[in-house]
Structures are given as C-alpha cells and as structure tokens.
There are 2 protein chains.
Amino acid sequence: MHFGEMGSRWGFNRTVGQIFALLVAVDEPLTANDIGDALSISRGNVSMGLKELQSWRLVQVQHKPGDRKDYYHTTGSIWDLANKVFEERRKREMDPTLTLLRDILLETPANSREQDLQGRLREIHDLLEGIMKWTSELQQLSPEKLNTLMKLGSGVGKVLDFKDRLLNKKSD
Amino acid sequence: MHFGEMGSRWGFNRTVGQIFALLVAVDEPLTANDIGDALSISRGNVSMGLKELQSWRLVQVQHKPGDRKDYYHTTGSIWDLANKVFEERRKREMDPTLTLLRDILLETPANSREQDLQGRLREIHDLLEGIMKWTSELQQLSPEKLNTLMKLGSGVGKVLDFKDRLLNKKSD
DNA sequence: TTAAACTTTCAGAAATTTCTGAAAGAAATG
DNA sequence: CATTTCTTTCAGAAATTTCTGAAAGTTTAA
C-alpha cells in the first residue's frame, strides 16, 4: 500500500509503481486479474502497466503447466532491479539529450555568438558523455567490488592519490 | 530552440527547461520580460519558472545599478550546474522513498509474511541509502579527482584489487 | 470450426499538470 | 501619497497524461 504511492517519483506513473510494488511485495507470480483485483485497477490499465514494466525489463511472463493464463513476476535480485531502473533511466533521459547536443555540435556556427554557444554546449556534451560512460562501466563491475567502492566513499580520493604517487615514482 | 525541447526529461517542465536553456545559451543576465518575449511565454509563467529554477539553485537574481528590474542569470560552471541538478533530484526522488521505507521498517510485522516483506524492503532501503551516501560523498570530491576517477572507469576495479593486496600484505 | 478463456487495443472520460492574464503586491521616485 | 514600473499570485482555461471498459485479437482445446 504505502509503497505504491511513491511510484510516480521513479520515472513511471502511479499504477505502474503499484503493480511493481505488489509483485515485489508478494514475491510470487500473479495473473493480470489478480493484480487488477488487488489494486482495483481496470483490466486494460493492468495490461498497459505490465507492458511498460516489461519494457523496463523489470517484470517477466511465466506460464504454469496446464494453465493458459499469463503469470507475471519480478526478475532478479534487488540489486539487478535497481541496476535496470538506473540503466533504463539513463537511456531515456540522457541518450536523447546527447543525440540532440551532438546534432547541434555538427552544425556550422554562423557567427561568433553561435560559436561561443557551441563551446558551452560541448562542455555539457562532454560532461554528460563522461558520466554515461562511467556509470555504464561501473555497472559492469561485480556487486562486491561496487560495494567496497561505495564503502570507500570519498576515501576513494586517498586511494587515487596513492596510485598517482606510485606511478610517479615509476616514471622518475 | 532545439535545446529547450528536451526540458521535460530532466525533472522540470518544458517551460522551465526552455528558460534555463535560454539563460545558458545567451550567458548574460536577462529580465523576466526578455525571457517571456524570447520564448513567447506569459509573464506569469515566466515568474513561476524562475521561482522553480531558483528553488533548484540554478538561477540567481542580479540587479543593475540605476535599474530596478530583476535580472536573472545562471550560476557557476557547467560542472556546478550538473551537480546541483543531480543533488536536487536525489533529494526529491530518493529522500521521500527512504523516509517511507524507514517508516515501514519501524512497524512491527504482524506475521511471517510481513516479516519476509520487511526483509526485502530492508534490502532496498540499505541499497538506496548506500547509493545516497556514496553519491553525496563523491560530490565532495574535487572535480579533478572525479575526473580521474571517471577516466579510470571500470579500471577502478584494478586499483581496488591493488589496494587490497597491499593491505593484506600488511596484515600478514 | 466453434467455443471458451484469456490478452491487447483504443476511443473517449477523468484526473492532473501547465499556462494565461488580470488583479493584487512591492519598491522606488517625484 | 500618488504614480510608475516592475513582480507575484491565483482562478480558471488549455493541454497533457492516465484510466476505463467495450470491442477486437489470440490461443488452446474439443
């Protein structure tokens, strides 16, 4: 109950959030009708919601032998789910922005004003692209490594300093 | 022009996005009227938009001597701006979720089903809290360090391994 | 084939968000 | 204090998003 209410903050609408929350909460495959009944949502709306959740790769269809209903359930560990949400959001929010910026940067500036502007847009572009690359690389890392990295927190700075010192020594 | 269209993907509405884009694009202080004229937006709407941007701490008011209009302009480097957007979004999206989760975790589970559920919610809570802490610590890091960290990408894994090996040797 | 048991689609209704413009506020000036 | 020049607020209009439920589609089985 509580949980569903926060749906809208996470990039999908309330119903979708509620459906997802329900599936996480009961942690067992449900039919579309079960979901609609549990949440008092129309059958059509459930269908849309599940479609959306499938496009986020957060929910999968499952079949029970001798039963022709579709059963839906969440997929993977909490860690996997979080990863998918972040990844999809990155795709949906940053990719179009990057494409747009790239297009603008390809245009030939008509005057020095436009050239200035391109300069500033390039900064933004490079920053976003850097973040994109970095985050997607981090997602390749094993959960354990990510965990130590996270525990390290800003202490990461010290490790980097240390590494730099070693490298400098080598190049002396 | 182009730029404003992507406004809605970033946590604020189209108008707010356009206003912000305009201010970044011209990179000089504008009055509310300038903005309204440039974007064909009603005066009231401009006022709302600027209020919102101020609440994101992306835009500041400035005064010119002998002129009683309010001039608005963006604040800080691209890096600062990006930082602020991320920070505000973290606040707006994750904080309420965390509070909610914490409240649920404080309730006493009525039966073993609820206890299971709490277990799963605790996982989510801990994960989110970890991410929150980590990202806010990363933001404390200097841009240069963050930059090397980002360039390192998944290579961070190797640095961590390296650090672990050193520590283990010490404790041998 | 036909029927039964499902799922999906989609037009329009309902809810929500955003925008406008007129009215009210605020601050500076004569 | 009256006026001018600006800003903010807010009720209702407009636009957009979400939801419903009936109709169409799909699959399996007899």
Side-chain angles (χ1 to χ4, degrees), chain A residues 1 4-23 29-56 58-73 88-89 92-93 96, chain B residues 1 4-23 29-56 58-73 88-89 92-93 96:
Chain A
M1 287 287 298
E5 286 160 22
M6 80 197 191
S8 55
R9 297 179 192 281
W10 285 89
F12 29 70
N13 67 39
R14 189 162 38 78
T15 320
V16 173
Q18 285 179 329
I19 296 176
F20 181 58
L22 179 65
L23 289 174
L30 295 179
T31 67
N33 273 321
D34 293 342
I35 297 172
D37 292 349
L39 300 175
S40 310
I41 282 172
S42 79
R43 195 59 195 67
N45 200 6
V46 172
S47 181
M48 309 272 237
L50 287 170
K51 208 169 136 197
E52 169 104 12
L53 284 169
Q54 282 172 296
S55 84
W56 284 75
L58 290 172
V59 154
Q60 276 184 341
V61 194
Q62 212 180 37
H63 288 279
K64 290 197 180 174
D67 186 343
R68 71 162 88 134
K69 289 196 215 64
D70 288 355
Y71 285 79
Y72 297 89
H73 72 144
E88 289 292 330
R89 287 188 64 167
R92 287 160 203 234
E93 295 175 352
Chain B
M1 288 287 298
E5 288 160 21
M6 78 196 192
S8 55
R9 298 178 192 282
W10 284 90
F12 29 71
N13 68 39
R14 190 161 39 79
T15 321
V16 174
Q18 286 180 327
I19 296 175
F20 181 57
L22 179 64
L23 289 174
L30 295 180
T31 67
N33 273 321
D34 292 342
I35 297 172
D37 291 350
L39 300 174
S40 309
I41 282 171
S42 77
R43 196 57 196 69
N45 200 6
V46 172
S47 181
M48 309 273 238
L50 287 170
K51 207 168 135 198
E52 169 104 11
L53 284 170
Q54 282 173 295
S55 85
W56 284 74
L58 291 172
V59 154
Q60 277 185 341
V61 194
Q62 212 180 36
H63 288 280
K64 290 198 179 174
D67 185 342
R68 71 162 89 132
K69 290 196 213 64
D70 287 356
Y71 284 81
Y72 297 89
H73 71 145
E88 289 292 329
R89 288 187 64 166
R92 288 161 202 231
E93 295 174 350

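Here is the naming used below: chain letters follow the sequence lines, and residue numbers restart at 1 for every chain.
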Measure across Leu22(A) and Ala38(A) and return the closest heavy-atom pair with its distance rounded to 0.1 Å.
CD2-CB, 3.9 Å
N/O contacts under 3.5 Å, protein versus nucleotides 27-30 of chain D?
unit_1	atom_1	unit_2	atom_2	d
dT28(D)	O2	Arg68(A)	NH2	3.2

Looking at every heavy atom in both His73(B) and Pro29(B), which two are closest together, and how far apart are they?
CB-CA, 3.9 Å
Looking only at non-hydrogen atoms, find the nearest pair between Val46(B) and Ala32(B) and report the distance.
CG1-O, 3.6 Å
Using whole Å, report how far CG of Asp67(A) lies from C1' of dA4(C).
14 Å
Between the CG atom in Leu58(A) and the CD atom in Glu52(A), the distance rounded to the nearest 0.5 Å is 9.5 Å
Taking NE2 from His63(B) and P from dA26(C), how many angstroms apart are they, rounded to a whole number?
16 Å
What's the angle between the local helix axes at either end of the helix from dT1(C)-dA30(D) to dG30(C)-dC1(D), using five pairs per end and rounding to 10 degrees?
10°
For dT9(C), does OP1 or OP2 lie under 4.0 Å from any side-chain N or O of Lys51(A)?
yes
Measure from CE on Met48(A) to P on dT20(D) and round the result to the nearest Å.
10 Å
dist Asn45(A):CG -> Leu50(A):CG (nearest 0.5 Å) comes out at 9.5 Å
Kindly point out which of dT7(C), dT7(D), dC10(D) is positioned nearest to the side chain of Asp70(A)?
dT7(C)
For Tyr71(A) and dT7(C), give me the distance from atom OH to atom P, rounded to whole Å.
10 Å
Expressed as a whole number of angstroms, how long is the span from Glu52(A):CD to dT18(D):C1'?
11 Å
When you check the phosphate oxygens OP1 and OP2 of dT9(C), does a side-chain N or O of Ser47(A) lie under 4.0 Å from one of them?
no
Does Asn13(A) have a side-chain nitrogen or oxygen under 4.0 Å from the phosphate oxygens OP1 or OP2 of dT16(C)?
no
When you compare the side chain of Phe12(A) with that of Arg89(A), does any pair of heavy atoms fall below 4.5 Å?
no
Return the minimal non-hydrogen interatomic distance between Lys69(B) and His63(B), and the atom names on each side.
O-ND1, 3.3 Å
Within this structure, what is the CZ-CD1 distance for the pair Arg43(B) and Ile35(B), rounded to the nearest 0.5 Å?
8.5 Å
Counting any heavy atom closer than 4.0 Å, what does Tyr72(A) reach on the DNA or RNA strands: base, sugar-phosphate only, or nothing?
sugar-phosphate
At a heavy-atom distance below 4.0 Å, what parts of residues 30-44 of chain B sit against DNA chain D?
Arg43(B), Gly44(B)
For Leu23(B) versus Tyr72(B), what's the shortest heavy-atom pair and its separation?
CD2-O, 3.5 Å
In terms of heavy-atom contacts, Ile19(B) and Gly49(B) come closest through CD1-CA, 4.0 Å
What is the distance, rounded to the nearest whole Å, between atom NZ of Lys64(A) and atom C1' of dC6(C)?
16 Å
Please state how far atom CG in Asn45(B) lies from atom P in dT9(D), giving the value in whole angstrom units.
14 Å
Quick one: pull up CG in Asn13(A) and CD in Gln18(A) and give me the separation to the nearest 0.5 Å.
9.0 Å
How long is the gap from NZ on Lys51(B) to CE on Met48(B), to the nearest 0.5 Å?
7.0 Å
